[in-house]
Number of protein chains: 2
Amino acid sequence: MIVTYLENCLKEVSVDCVIFGFDGSTVKVLLSKWKNIDYWSLPGGRIKKMEALNAAAQRILQERVGLKEVFLQQFNVFGEINRCEHYDELETTKLIEKSIGEDLSKIPIKHRVLSVGYYALLDINKVKAIPDEYTEECRWMELNEIPLLLFDHNEMIDLAIRTLRREVKYQPIGNLLPDKFTLAEIQKLYESVLDKTFDRRNFYKQITKQDFLVKLAEKRTGSANKSPNLYRFDQSKYEQALEAGMGF
Amino acid sequence: MIVTYLENCLKEVSVDCVIFGFDGSTVKVLLSKWKNIDYWSLPGGRIKKMEALNAAAQRILQERVGLKEVFLQQFNVFGEINRCEHYDELETTKLIEKSIGEDLSKIPIKHRVLSVGYYALLDINKVKAIPDEYTEECRWMELNEIPLLLFDHNEMIDLAIRTLRREVKYQPIGNLLPDKFTLAEIQKLYESVLDKTFDRRNFYKQITKQDFLVKLAEKRTGSANKSPNLYRFDQSKYEQALEAGMGF
DNA sequence: TATTTATGCGTAATTCATACGCATTAAAAA
DNA sequence: TTTTTAATGCGTATGAATTACGCATAAATA
């Protein structure tokens, strides 16, 4: 029951997560399809009464993708009175009622909810996305094929990607990569996030002079050509660089 | 009465403002001294039930300094369970009770409050800061002489100034200046915000090539030397630059 | 007239971003 | 073994942006 669930949580604030994932070639966003209706939204959740805000975001992320140690950052609070972007409030309420099979008018909470937006970066291949009790499917979607979402979630994604593009110049984004990766992969990652291409040789020169990249003895074999080297992040140097705010 | 005031507001979220002001030579922060106790905090307030978050921040700013058209931006939500940084929760409660002369244990609200942090930029000489009902004095303080504040407000200021220093590279900060100003003043502003010095000639070359600066016929007379020229911002070009995210 | 700052221009050194050439290496396929 | 296909690791040129600093001149008041 939705009422009992809400009892242990803050009622005026929630958390929504724009979870960016990289699959080796493009950056995608994780969306959830609600039960019984053909509408999607960002994964989100409530903050427990005795839970720190950032801890709540981390828990919600973990519930959805089973991962904790990822880059997760606040980027905006969405606090308009009416946060239904595409459909009006009544229409949205009806959709939610149809989806969860409950009469929302019976629920004593009758006010708008602010939502703290977080964005997360992770490697798609490391996770298995799991729907929550209101949703029946999780899907990674390309940035350019996101449908009309419930609430103000299109706006959230838009602001999250713009924030990421700005921030990426000052922070390494290793959390989107697998533990071991090739230089071509990290280049594709940057190209996908920033939506432009780089000259391979210049990119290699710049990235390899960063000391948080460690060249492994291993190679990725399998294709009909010279095998590319594998690299990994030096965790402590990576964090130092994050701290110092290095750029790329 | 605090109870009736709170009735029309959201109870789990509040707004706190780090208001930066420039007086022609250094950047300062506006602090409020609570009644009956020797403790200071940032100006803040509640969000009304039917008021957008950003509108609430704007209203709170206006109540405190009488100005509306200033740069005002969210920078973080503070959501720890215990937001009393220096003194523990009990001690802080006692201080507040002593200050407002009410028994907080009688108030039905018994949970922590999240706070959305905003920072604002304005010209000190344009405003007259007014205390609210809980505070008896507003004072502009230098960044390096801020005392231990109530709640987590030292942390808020710290994060706000770091955010401002990062953002200032992408946004003109004209709201800190008077309507008419000299090149030396805008240089002092940048130096104060970024806490470093610039070569005057290079600074002048860069700033004057920005087309949102308009040189006036007027000069600032009075001192025993050549009078410096006055400048103003071209409002529409200034906003364009803000929009485009120009840097300096 | 002396002193003090404001103004505006020039120039060199340096760093950084970007474009692109080329020789070599190594994996699998033919 | 040879061929094909990428991967790797240089080098180099160009232009833009940053930074440091010299210097001539203007215009206020003391």
| message | If I take atom CG in residue A:Asn229 and atom C1' in nucleotide C:dA27, what distance separates them, rounded to the nearest angstrom? | response | 13 Å
| field | Shortest side-chain distance from A:Arg200, nucleotide among C:dG8, D:dT8, C:dA27 | value | D:dT8
| Are A:Arg220 and A:Glu185 close enough, and set up right, to give a side-chain contact (heavy atoms from CB on, under 4.5 Å), and what steps lead you there? | CA-CA 12 Å; A:Arg220 162 140 335 141; A:Glu185 280 164 353; 2.4 Å; yes
| field | Closest nucleotide among C:dT7, D:dT18, C:dA17 to the A:Gln206 side chain | value | C:dA17
| task | Tell me what A:Thr182 touches on the nucleic acid: a base, only sugar-phosphate, or nothing, going by heavy atoms under 4.0 Å. | result | nothing
| field | Check ion pair A:Glu145-A:Lys28 (N to O, under 4.0 angstrom) | value | no
| task | Identify, between B:Lys209 and A:Ala184, the residue whose nearest nucleotide on DNA chain D lies closer to the 5' end. | result | A:Ala184
| task | Indicate, with a heavy-atom threshold strictly under 4.0 Å, whether A:Thr208 touches base, sugar-phosphate, or nothing. | result | nothing
| said: Ring of A:Tyr204, cation from A:Arg200 - is the NZ or CZ under 6.0 Å from the centre and inside 45° of the axis? | reply: yes
| request: Determine the contact category for A:Lys219: base if any of its heavy atoms lies under 4.0 Å from a base atom, sugar-phosphate if only primed atoms, P, OP1 or OP2 are that close, otherwise nothing. | output: sugar-phosphate
| field | Whole-Å gap separating P (C:dA19) and CG (A:Asn202) | value | 8 Å
| said: Less than 4.0 angstrom between a side-chain N/O of B:Lys215 and OP1 or OP2 of C:dG8, yes or no? | reply: yes
| said: Just the rounded figure in Å: distance from C1' of D:dC10 to CG of A:Asp199. | reply: 13 Å
| said: Quick check on the 6.0 Å ring-centre criterion: do B:Phe233 and B:Phe181 meet it? | reply: yes
| task | Figure out the CZ/P separation between B:Phe203 and D:dA17, and round it to whole Å. | result | 18 Å
| said: If we check side-chain contact (heavy atoms from CB on, under 4.5 Å) with A:Val29, which of these qualifies: A:Ile161, A:Val18, A:Ile19? | reply: A:Val18
| request: Write down the distance between CD (A:Gln187) and P (D:dG9), rounded to a whole number of angstrom. | output: 14 Å
| D:dA7 P sits how many Å from A:Arg220 CZ, rounded? | 11 Å
| query | Rounded to the nearest Å, what distance is computed from the NZ atom of residue B:Lys205 to the C1' atom of nucleotide D:dC23? | reply | 12 Å
| Rounding to a whole Å, what distance do you find between B:Lys226:NZ and D:dA27:P? | 6 Å
| message | Assuming nearest nucleotide by heavy-atom distance, tell me which of A:Ala224 and A:Arg201 is located more 5' along DNA chain D. | response | A:Ala224
